[in-house]
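Contents: one structure, followed by commentary.
Numbering of residues begins at 1 and proceeds along the displayed sequence. Atoms within each ligand, like the ligands themselves, are counted from 1 in listed order.
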Amino acid sequence: MTDDEPDPGVPVFEARGVSRTFRRSGTRGRVLTTALDGVDLTVRPGQRLGIVGESGSGKSTLIRVLDALLPPSSGEVLFRGRRIDNASSRQLGDLRSSVQMVFQDPRSSLDPRMTVGDIITEPLRSPLLRSRPDVPRNHGERLAEVLEQVELEADAAGHYPHEFSGGERQRIAIARAIAPRPDVLIADEAVSALDVSVRAHVLNLFADLVRSDRLTLIFVSHDLAVVRHVCDHVAVMRSGRIVESGPIEQIYASPAREYTRNLLASVPKLRVRTASSRRTATEVPDEMPPGPDDPPA
Ligand SMILES: Nc1ncnc2c1ncn2[C@@H]1O[C@H](COP(=O)(O)OP(=O)(O)OP(=O)(O)O)[C@@H](O)[C@H]1O
Ligand SMILES: [Mg+2]
């Protein structure tokens, strides 16, 4: 193993007692919100971790702290064994070159002045990534490849983000994140704005990526059926804490917490799509919401 290769025994991410508070001005003066409250988390290489929990439970805050976009108020965050909380941008080089993120709101994460082609290929041109052997060298070819993977037309490359719908913008954000073949992909509600058939396709894309590229995936979603399709582990968040975590089948089969049982109970009854659908059953996650031909009760 060379110095550049990650040690498979070292966790990709570790959070130790991580808390994060926010101060906000309210009608009664400054209000303190505890978004994260003593979170311990270990993400191992190749793991596909789903983070689930009700709205406001701290999911987005947690991944922003892991990606060093937000410093924790207290606790430690390590990336491949090195502290990254309060690290300098030079010390974050390994993190920035290895991890790509799909943000929850693609409207604010895509630069409105850049064409889609430039947005997607920008990470490929980054000096940080240029030295990585697996980063595609032919940018035009890679652009065409990822546009096809997210089911966008090739001519999308010449247009600007505002010319696209919310779901299309989300796919642009996904294409940008996967373009440099990152070691670690963090996706925050990456498929929530997609309609059922495109969501099935993009979920299969995530599933393929984790299989073929030995990707470590952190996949945030409020939708437990979606998480089950792409993840092997799950962490359940509530009020800034991880209240339950473990292998996904175990949590699904016997959730220890009523909160988790309630989250599971709120998943709609799902079924395999039929051959009359646009895609075949084997291409589509077996747990997609019912289609318009068979609406839920
Ligand atoms: N920049 C901020 N300033 C003030 N409060 C914040 C900020 N970011 C998050 N919060 C608060 O922290 C808590 C957790 O927010 P977070 O965005 O992490 O939740 P979430 O689980 O991602 O929710 P959702 O499922 O709705 O995306 C919320 O109460 C939120 O209002
Ligand atoms: Mg969020």
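- With hydrogens and angles left out, the side-chain atoms of Ser57 and Glu54 include no donor and acceptor closer than 3.5 Å.
- When the options Ser239, Ala35, Ser55 are ranked by their closest heavy atom to atom 24 (P) of ligand 1, first place goes to Ser55.
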Applying salt bridge (Lys or Arg N to Asp or Glu O under 4.0 Å) to Asp188 and Lys59, what does each step give before you reach the verdict?
CA-CA 8 Å; Asp188 193 355; Lys59 305 179 298 293; over 6 Å; no
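- Under the 30°/60° scheme for interplanar angles, the aromatic rings of Phe13 and Phe79 are found to be tilted.
- When each atom of ligand 1 is checked for a heavy atom of Gln104 under 4.0 Å away, the hits are 27 (O).
- A donor-acceptor pair is defined here as one N or O able to donate and one able to accept, closer than 3.5 Å; no such pair exists between the side chain of Thr33 and the backbone of Ala35.
- Here is the list of ligand 1 atoms found below 4.0 Å of a heavy atom in Gly58: 14 (C), 18 (O), 19 (O), 20 (P), 21 (O).
- Salt-bridge annotation for Arg20 and Asp37: absent, with no side-chain N of the basic residue lying under 4.0 Å from a carboxylate O of the acidic one.
- Ligand 1 lies within reach of Gly56, whose nearest heavy atom is under 4.0 Å from it.
- Within the protein, the number of N/O/S atoms found under 2.8 Å from the Mg ion (ligand 2) is 2.
- Atom 17 (O) of ligand 1 has as its closest protein heavy atom Ser60 CB, 3.7 Å.
- Classification of Arg48 and Asp232 as a salt-bridged pair holds, one side-chain N sitting under 4.0 Å from a carboxylate O.
- In terms of protein heavy-atom proximity, atom 31 (O) of ligand 1 is closest to Arg24 NH2, 3.4 Å.
- A distance-only check finds no donor-acceptor pair linking the side chain of Asp85 to the backbone of Glu76 [under 3.5 Å].
- Of the candidates Thr33, Leu36, Leu32, Thr61, the one placing a heavy atom closest to atom 11 (C) of ligand 1 is Thr33.
- Ligand 1 is never approached by His222 to a heavy-atom distance shorter than 4.0 Å.
- No continuous path of ILVMFWY side-chain contacts below 4.5 Å connects Tyr259 to Leu62, so the two sit in separate hydrophobic clusters.
- The protein heavy-atom contact nearest to atom 25 (O) of ligand 1 is Lys59 NZ, 2.7 Å.
- Comment: Arg176 engages Glu122 in a salt bridge, judged by a side-chain N to carboxylate O separation of less than 4.0 angstrom.
- The closest side-chain donor-acceptor pair between Arg125 and Thr121 falls under 3.5 angstrom.
- Under a 4.0 Å criterion applied to the non-hydrogen atoms of Ser57, ligand 1 contributes the atoms 19 (O), 21 (O).
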Arg181 and Arg142: side-chain contact (heavy atoms from CB on, under 4.5 Å), yes or no, with the steps?
CA-CA 10 Å; Arg181 296 206 176 91; Arg142 185 61 178 154; 3.6 Å; yes
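- At the top of the distance list for atom 1 (N) of ligand 1, counting protein heavy atoms only, stands Phe22 CE2, 3.6 Å.
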